[in-house]
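I have placed the structure first, in the form of structure tokens, so that the comments after it can refer back to it.
A, B, ... follow the sequence lines: proteins, then strands. Residue 1 opens every chain.
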Amino acid sequence: MADIEKILSELDAQEMSELLDGIDAQQDMLLSARIKQKALPQLTKEDSAPEVREKSIPRIFKIIPVAAALIIFIAGAVVAVSELASPQKEPETTTAVTTTQNKNSWRDNPLMLAISSGNESLIESLLTNTILLTEDVLTFAIDCADFLSYTVIQEIAKAVEKSFGTTGLDALLESTLLGDSEKALKELKERENMLMTPLEKLSFFFSAAFCDSEVISEFMEKGFDVSLKDASGKSIFEIAEKYGNEENVKAAEEGSK
Amino acid sequence: MTDRELLLLISEDKVRGFTLLVDTYSALIYKIVSSVVLPVGTREDAEECVSDTFLAFYNNLEDVDLERGSVKGYLAVIAKRRAINLYHTLKRQQYADMPLDESMAAEGADGTADYETKAALVKAIKDLGEPDSTIVTRKYILGETAKEISAYVALSPEAVQKRLERSMDKLKIMLGGVFYG
């Protein structure tokens, strides 16, 4: 069957579309978060970089006299030639180390170990060490939501956002986790058809913990039922009670009747 | 959301559109990529390839023609081709110390199927009907095992395997013995 596989690997978009019509895979929130964390910074960097370069070049030629610029150019050329003569090994080593780290990331990272063991006081003390905040930490913590408290996951999200400038999470998931009710409500109102994906359900549970009654009501109006339970088996009432948000959940439920 | 609406969203609000694109299709694209890459690479390699696929789609948005294919179809083609390129790159790294003739034999000959052959194969797979068409597609495009496919077609893994074997025999007959394996 090797020939059939080979031919299937050469299909164009139209042929692939015909075959894949009706074929889907179950959404994987954590995978999606990791992919976005890799791709989004490159997506936003592509727009800003050319503008920065265009602005800086004229400035250099205005500020530095021609003679000084020539000296810098010659010095740069000397450095470049010497680098070509003896290729740097460090980048390869760094890449190798990074690759190794990625392969065994959670085992080598004390913060990941603390998350996997549910040691919340240790997690909180390790969050101050930004070297441990790798891109996998938040998605790993969300994966452990069945035993890790939502407040600890929120702390990790805040630390990641501070360190990387972004959590890399879906906008609705991020806003509910961080308790940004205004942003969460805006996101919800823009989503016409919600499919009750694991990501959306988790957003609902986070909203029960951290958001106001308007957000929780909006979820209910979109079909998120009070009977839904999170990974630890808690209903939204139990979640709200745990995180001191009962009034908002009760108000939302009464409003929906 | 339709493909047209999704493309419009990406052009108007790239972060939100791109996020939705990834949320909707990352699992499917990962399946396509990982089935090719994981035998020679790591999960990290596969996820990098998936990320590159989505970025390549975004960077070539103007070439997407919904009359010729769906967003899913375009993504799948990019993913398959990038995964195969990555497979060869990783394999070459493994073969770096191998004698030249052995590594060439291991890589195999390259060939390109013509348009009629590809179209005939796609038609033949669709003509198998359900669930066989889904089983063959999930096996050879997404690289799923019989056990994984069984969850989608509500058959036992053994039944999926049997149907797959029968489907391949049917394809051989439908395509006049052109394919062999």
- Nearest atoms (heavy-atom pairs only) where A/L11 meets B/R81: O-NH2, 3.2 Å

- Cationic N near anionic O, under 4.0 Å, B/K80 to A/E10: no

- Are there more than 12 heavy atoms of other residues, nucleotides or ligands under 6.0 Å from atom CD of A/E182? no

- Task: Pick whichever of B/I32, B/V77, B/V136 has the most heavy-atom pairs under 4.5 Å with chain A.
- Result: B/V77

- Using non-hydrogen atoms only, which part of B/I125 is less than 4.5 Å away from chain A: side chain, backbone, both, or neither? side chain

- With sequence neighbours excluded, tell me which residues meet ring pair (Phe, Tyr, Trp, His ring centres under 6.0 Å) with B/F54. none

- Against chain B, label A/E187 side chain, backbone, both or neither, depending on which of its atoms sit under 4.5 Å from a heavy atom there. side chain

- Atom pair CD1 (A/I35) and CD1 (B/I29), whose distance is rounded to the nearest 0.5 Å: 10.5 Å

- Item | Neighbour count >12 (heavy atoms, 6.0 Å) for atom CD, A/Q26 | no

- Query: Sub-3.5 Å donor-acceptor pair from the side chain of A/R34 to the main-chain atoms of B/E44, do we have one?
  - Reply: no

- Query: Taking everything shown except A/Q27 itself, do over 12 heavy atoms lie less than 6.0 Å from its CD?
  - Reply: yes

- Could you tell me whether B/K72 and A/D24 have a side-chain N and a carboxylate O separated by less than 4.0 Å? yes

- Query: Who wins among A/I23, A/T197, A/D12 for the most heavy-atom pairs under 4.5 Å with chain B?
  - Reply: A/I23

- Task: Identify which of B/L142, B/L28, B/D65, B/V64 forms the greatest number of heavy-atom pairs closer than 4.5 Å to chain A.
- Result: B/L28

- Task: For A/F224, enumerate each residue passing the ring pair (Phe, Tyr, Trp, His ring centres under 6.0 Å) test, keeping only those at least two apart in sequence or located in another chain.
- Result: A/F204, A/F219

- Residue pair A/Q14, B/E67: steps toward the side-chain contact (heavy atoms from CB on, under 4.5 Å) verdict: CA-CA 9 Å; A/Q14 191 166 10; B/E67 303 294 319; over 6 Å; no

- Heavy-atom closest pair (B/G73 atom, A/S17 atom, distance to 0.1 Å) is CA-OG, 3.4 Å

- Query: Please, which pairs that meet ring pair (Phe, Tyr, Trp, His ring centres under 6.0 Å) have at least one residue in residues 28-47 of chain B, sequence neighbours excluded?
  - Reply: none

- Heavy atoms only: give me the nearest A/S9-B/I84 pair and the separation to one decimal. CB-CD1, 3.5 Å

- Note on the structure: Counting heavy-atom pairs under 4.5 angstrom with chain B, the leader among A/L31, A/D21, A/L199 is A/L31

- Residue of the set A/L19, A/I7, A/L8 for which side-chain contact (heavy atoms from CB on, under 4.5 Å) holds with B/Y140: A/L8

- Task: Against chain A, label B/T134 side chain, backbone, both or neither, depending on which of its atoms sit under 4.5 Å from a heavy atom there.
- Result: both

- Item | Nearest heavy atoms of B/A119 and A/E15, plus distance in Å | N-OE2, 4.2 Å

- Query: Of the non-hydrogen atoms in A/K38 and B/S51, which two are nearest, and what is the gap between them?
  - Reply: CB-OG, 3.6 Å

- Query: Which residues in residues 17-26 of chain B have any heavy atom lying under 4.5 Å from a heavy atom of chain A?
  - Reply: B/F18, B/T19, B/V22, B/D23, B/T24, B/S26

- Message: Has B/K126 got a side-chain atom pairing as donor or acceptor with A/E18's backbone, closer than 3.5 angstrom?
- Response: yes

